[in-house]
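Note sheet for the following structure.
Bear in mind that the values here come from a model prediction, so they are computed numbers and not experimental data.
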Amino acid sequence: QLQLVESGGGLVQPGGSLRLSCAASGFPLNYYAIVWFRQAPGKEREGVSCISISGTDTNYADSVKGRFTISRDNAKNTVYLQMDSLKPEDTAVYYCAAFGHPQYYCSAFAPQHEYDAWGQGTQVTVSA
């Protein structure tokens, strides 16, 4: 049974950087595409970034494009989200989710109910 745990969140000033990690256990992560979601207070959870099983294909929400970078290290069973040039509007709880469809290449975010596993989230707060 796949389990995901996020880490790396915290408080950072605008313009700063954080690197989030999504660590998998119970099943090899290389069977899953991984999508990062975030949810700000009072708002719906939205997709932030996606990485395919191979890592070759990625996708980003327009709001983070050029600032965030998703990557994966299947040997370490971990996916990362490098967040640079952070803005206050990036403040949210960030979640990673696994999608076990081999032919999914992140052309679009999969519906949230279709994911096989979710982490519990890590808080990112961007404030001066």
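Results of the side chain to side chain contact (heavy atoms under 4.5 Å, CB included) test with Asn59 over Cys106, Ser107, Ser49 single out Cys106 as the only residue that passes. When the options Gln82, Met83, Arg67 are evaluated for a side chain to side chain contact (heavy atoms under 4.5 Å, CB included) with Ser17, the one that passes is Gln82.
Note that the CD atom of Gln120 and the SG atom of Cys96 stand 10.5 Å from one another [nearest 0.5 Å]. From Ile34, atom CD1 reaches atom OH of Tyr104 across 10.5 Å, with rounding to the nearest 0.5 Å. For the atom pair Leu81 CG and Phe68 CZ, the distance stands at 6.0 Å (nearest 0.5 Å). A distance of 10.0 Å separates CD1 in Ile53 from NE2 in His101, rounded to the nearest 0.5 Å. A distance of 8.5 Å separates OG1 of Thr122 from CG of Leu18, quoted to the nearest 0.5 Å. Rounding to the nearest 0.5 Å places CG of Leu2 at 8.0 Å from CG of Asn77.
Minimum heavy-atom separation, Gly100 to Asp116: N-OD2, 2.7 Å. Residues Pro14 and Ala128 share a closest heavy-atom pair of CD-N, 3.6 Å. For Val126 against Thr91, the heavy-atom pair with the smallest separation is N-OG1, 2.9 Å. Heavy-atom minimum distance, Gly55 versus Ile51: CA-CG1, 3.7 Å. Nearest heavy atom pair, residue Ala61 against residue Gly47, reads CB-O, 3.5 Å. Residue Gly119 comes nearest to Tyr95 through the heavy atom pair O-CD2, 3.5 Å, listed as atom of the first residue, atom of the second, then distance.
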Would you please test Val48 and Phe109 for side-chain contact (heavy atoms from CB on, under 4.5 Å) and show each step? CA-CA 9 Å; Val48 176; Phe109 296 115; 5.8 Å; no
The test is side-chain contact (heavy atoms from CB on, under 4.5 Å); show your working for Glu6 and Trp36 and say whether it passes. CA-CA 10 Å; Glu6 302 95 338; Trp36 284 97; 3.8 Å; yes
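Taking the six-membered ring where the residue is Trp, the centroids of Phe99 and Tyr32 are separated by 6.0 Å or more. A ring-centre distance under 6.0 Å is found for Tyr115 and Phe37.
Side-chain atoms of Asp73 never come within 3.5 Å of backbone atoms of Thr78 as a donor-acceptor pair (strictly under, hydrogens ignored). Between the side chain of Gln123 and the backbone N or O of Gly10 there is no donor-acceptor pair closer than 3.5 Å. When atom types are taken as modelled, the side chain of Gln112 and the backbone of Arg45 share a donor-acceptor pair closer than 3.5 angstrom. At distances below 3.5 Å, not a single donor-acceptor pair connects side-chain atoms of Ser21 with backbone N or O atoms of Ala23. No donor-acceptor distance shorter than 3.5 angstrom exists from the side chain of Ser52 to the backbone of Ala33, with no hydrogens or angles considered.
More than 12 heavy-atom neighbours from other residues, nucleotides or ligands sit within 6.0 angstrom of CD on Gln39. Around atom OH of Tyr31, no more than 12 heavy atoms belonging to other residues, nucleotides or ligands sit under 6.0 Å away.
A cation-pi arrangement, defined by a distance under 6.0 Å to the six-membered ring centre and an angle within 45 degrees of its axis, is absent between Arg38 and Tyr94. Under the 6.0 Å distance and 45° angle rule, Arg72 does not count as a cation-pi partner of Tyr80.
Hydrophobic cluster membership is shared by Leu4 and Val124, with clusters built from Ile, Leu, Val, Met, Phe, Trp and Tyr side chains linked at under 4.5 angstrom. If you chain together hydrophobic residues whose side chains sit under 4.5 Å apart, Phe27 and Val5 never meet in one group.
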